Number of protein chains: 2
Amino acid sequence: MACALDIIGDHWTLLVIRDLMFLGRHEYKDMLAGEEGISSNILSGRLKKLEGAGIITFVQHPESKRRKLYYLTQKGKDLVYIMLDVARWADKHLDDKVVIPEDRRFFLDMPAETVANTVFDKLAAWEKEFIGGSL
Amino acid sequence: MACALDIIGDHWTLLVIRDLMFLGRHEYKDMLAGEEGISSNILSGRLKKLEGAGIITFVQHPESKRRKLYYLTQKGKDLVYIMLDVARWADKHLDDKVVIPEDRRFFLDMPAETVANTVFDKLAAWEKEFIGGSL
DNA sequence: AAATTTCACTTGCATAATGCAATTATTTAC
DNA sequence: GTAAATAATTGCATTATGCAAGTGAAATTT
């Protein structure tokens with residue numbers, strides 16, 4: 001538990017992972033523009049830390065040398081179960097403060113495995129387009 | 001997600017909850033003696049924060065005026081699903097660094113609901129002895 | 001009853017992390 | 001060539017953390 005929390009137990013790390021897992025934000029600038037307003041230095045540090053931990057990796061953007069496309073490794077994708085439980089808990093106990101977006105709300109009523117497979121499929125499709133397609 | 005992480009997204013909070021949920025540490029001094037070595041000021045702060053968030057509460061120890069018995073509310077107990085997923089993820093992906101204690105290892109092979117019910121039953125028995133018994 | 005110990009904190013202070021704004025280097029667009 | 005976009009980095013103020021020591025009340029020992 002403590003070792004896992006060394007990696008994912010801070011305010012911003014799981015938000016970066018959420019961007020990659022659910023929101024289709026694969027670029028630095030997309031994550032920087034997120035509604036929570038992460039600072040550029042924090043984002044930069046978290047991306048490096050997550051890369052070092054083997055949770056994310058990246059390829060060069062096919063249209064630009066300077067842009068990078070970040071995406072989750074399987075180690076990162078497996079965090080979906082934790083993410084889902086956090087969302088379920090927040091929905092149940094913080095429902096006055098929390099609004100789960102409608103387009104993802106139905107996830108909460110699905111079995112975890114179904115959600116995981118849906119997410120995995122979506123990420124695989126993205127990878128096929130941007131990673132598989134460019135190699 | 002962000003709101004939940006404001007509460008539980010830090011290094012020590014989930015460790016305090018783990019103490020209350022799995023390790024039967026219900027007193028300040030028990031948590032302070034934990035193997036991770038939390039500082040007294042940090043522990044004090046986290047207990048207050050968790051109490052303020054409605055995740056834990058406490059009663060006076062039946063044998064002493066100064067001692068307190070902390071325990072989880074239902075809001076706190078429901079974090080068991082997140083805790084279990086964190087443990088599963090760590091076991092799968094950090095297995096070189098992580099040793100799951102043998103006396104709790106079998107939890108990883110059980111369905112989440114079974115684990116939750118086991119934990120809930122154990123906590124209810126504790127509460128019946130220390131809370132119900134003293135009122 | 002006086003002295004000691006236990007307990008749940010609190011305080012002081014050094015170090016580290018965070019947050020914001022501005023800057024930099026490189027790449028792309030015009 | 002000039003200007004804009006991108007992925008960072010730097011400087012600096014504020015905040016959080018970590019350690020050691022201290023505090024005051026309650027319990028225990030003598």
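Chain A is the first sequence line, chain B the second, and so forth, proteins listed ahead of strands; every chain is numbered from 1. Quick caveat, the model's predicted, so the values are computed rather than measured. Basis for what follows: all heavy atoms, side chains included, without hydrogens, waters or symmetry-related copies.
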Participant: In this structure, how many angstroms lie between the P atom of C:dT28 and the NE2 atom of A:His61, rounded?
Facilitator: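 It is 11 Å, rounded to the nearest whole Å.
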
Participant: Specify the separation, in whole Å, of atom CG of B:Asp10 and atom C1' of C:dA16.
Facilitator: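 So the CG-C1' distance, B:Asp10 to C:dA16, works out to 15 Å.
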
Participant: Whether A:Lys49 contacts C:dA17 is assessed here as follows: a side-chain N or O lying under 4.0 Å from the phosphate OP1 or OP2. Is that the case?
Facilitator: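 Result: no.
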
Participant: Using a heavy-atom cut-off of under 4.0 Å over every strand shown, decide if B:Tyr70 touches base, sugar-phosphate, or nothing.
Facilitator: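 Sugar-phosphate only.
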
Participant: Could you state the atom-to-atom distance from CD of A:Gln60 to C1' of C:dT27 in whole Å?
Facilitator: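 About 11 Å, once rounded to whole Å.
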
Participant: Please state how far atom CD in B:Glu36 lies from atom P in D:dT17, giving the value in whole angstrom units.
Facilitator: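 That distance rounds to 16 Å.
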
Participant: Calculate the interatomic distance between B:Arg25 atom CZ and C:dC7 atom P; express it in whole Å.
Facilitator: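 Rounding to the nearest Å, CZ of B:Arg25 and P of C:dC7 are 16 Å apart.
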
Participant: Between B:Lys68 and C:dC9, does any side-chain N or O lie under 4.0 Å from OP1 or OP2?
Facilitator: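 So the side chain of B:Lys68 is within the cut-off, an N or O lying under 4.0 Å from OP1 or OP2 of C:dC9.
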
Participant: Please state whether the phosphate of D:dT9, meaning OP1 or OP2, lies under 4.0 angstrom from any side-chain nitrogen or oxygen of A:Tyr28.
Facilitator: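 No.
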
Participant: Would you call B:Leu69 and B:Trp126 a side-chain contact if the rule is heavy atoms closer than 4.5 Å?
Facilitator: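 Yes - at least one pair of side-chain heavy atoms lies under 4.5 Å apart.
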
Participant: When you measure from the side chain of B:Ser40, which nucleotide among D:dG11, D:dA20, C:dC7 comes out closest?
Facilitator: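 In terms of side-chain proximity for B:Ser40, the closest of D:dG11, D:dA20, C:dC7 is D:dA20.
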
Participant: I'd like to check A:Leu32 versus A:Ser39 (side-chain heavy atoms, cut-off strictly below 4.5 Å). Are they in contact?
Facilitator: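 No - every pair of side-chain heavy atoms lies 4.5 Å or more apart.
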
Participant: I'd like to know if B:Ser44 reaches the base of C:dT10 with its side chain, counting only an N/O donor and acceptor under 3.5 Å.
Facilitator: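 By the distance-only test, no, there is no pair.
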
Participant: Please determine whether a side-chain nitrogen of the Lys or Arg among B:Asp30 and B:Arg25 lies less than 4.0 Å from a carboxylate oxygen of the Asp or Glu.
Facilitator: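 The answer is no: the pair does not qualify as a salt bridge.
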
Participant: OP1 or OP2 of D:dT6 versus the side-chain N and O atoms of A:Lys65: is any pair under 4.0 Å?
Facilitator: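 So the side-chain polar atoms of A:Lys65 never come under 4.0 Å of the phosphate oxygens OP1 or OP2 of D:dT6.
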
Participant: Return the nearest nucleotide to the side chain of A:Ile42; candidates are C:dC20, D:dA21, C:dT18.
Facilitator: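 For A:Ile42, the side-chain atoms sit closest to C:dT18.
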
Participant: Between A:Ser64 and C:dT28, is there a side-chain N or O to OP1/OP2 distance below 4.0 Å?
Facilitator: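 So the side-chain polar atoms of A:Ser64 do come within 4.0 Å of the phosphate oxygens OP1 or OP2 of C:dT28, strictly under.
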
Participant: Select base, sugar-phosphate, or nothing to describe what A:Arg67 touches, counting heavy atoms under 4.0 Å on all strands.
Facilitator: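 Touches sugar-phosphate only.
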
Participant: Using every non-hydrogen atom in the two residues, find where B:Leu14 and B:Met83 come nearest and quote the distance to one decimal.
Facilitator: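 It is O-CE, 3.5 Å.
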
Participant: Would you call B:Asp78 and A:Arg88 a salt bridge, taking side-chain N to carboxylate O under 4.0 Å as the test?
Facilitator: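 Looking at A:Arg88 together with B:Asp78, the answer is no, because their closest N to O distance does not fall below 4.0 Å.
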
Participant: Specify the separation, in whole Å, of atom NE2 of A:His26 and atom P of D:dT6.
Facilitator: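 About 17 Å, once rounded to whole Å.
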
Participant: Within less than 4.0 Å of OP1 or OP2 of C:dA17, is there a side-chain N or O belonging to A:Trp12?
Facilitator: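 No, outside the criterion.
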
Participant: Nearest to the B:Lys48 side chain among C:dT10, C:dG19, D:dC19, which nucleotide is it?
Facilitator: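 Between C:dT10, C:dG19, D:dC19, the one nearest the side chain of B:Lys48 would be C:dT10.
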
Participant: Return no unless some side-chain N or O of B:Arg46 is found under 4.0 Å from OP1 or OP2 of D:dT17.
Facilitator: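 So the side-chain polar atoms of B:Arg46 do come within 4.0 Å of the phosphate oxygens OP1 or OP2 of D:dT17, strictly under.
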
Participant: In whole Å, I'd like the distance from the CG atom of B:Asp30 to the P atom of C:dC7.
Facilitator: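 Answer to the nearest Å: 9 Å.
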
Participant: Would you say the side chain of A:Arg66 and the base of C:dT27 hold a donor-acceptor pair, judged only by whether the two atoms sit under 3.5 Å apart?
Facilitator: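 Checked by distance alone, the answer is yes.
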
Participant: Identify, between A:His11 and B:Gly45, the residue whose nearest nucleotide on DNA chain C lies closer to the 5' end.
Facilitator: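 In this pair, the answer is B:Gly45.
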
Participant: Between C1' on D:dA8 and CD1 on A:Ile38, what's the gap in Å once rounded to a whole number?
Facilitator: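 It works out to 13 Å between those atoms.
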
Participant: Under a 4.0 Å threshold between the charged nitrogen and the carboxylate oxygen, would A:Glu27 count as salt-bridged to A:Arg67?
Facilitator: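 Between A:Glu27 and A:Arg67 there is a salt bridge, with a charged N closer than 4.0 Å to a carboxylate O.
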
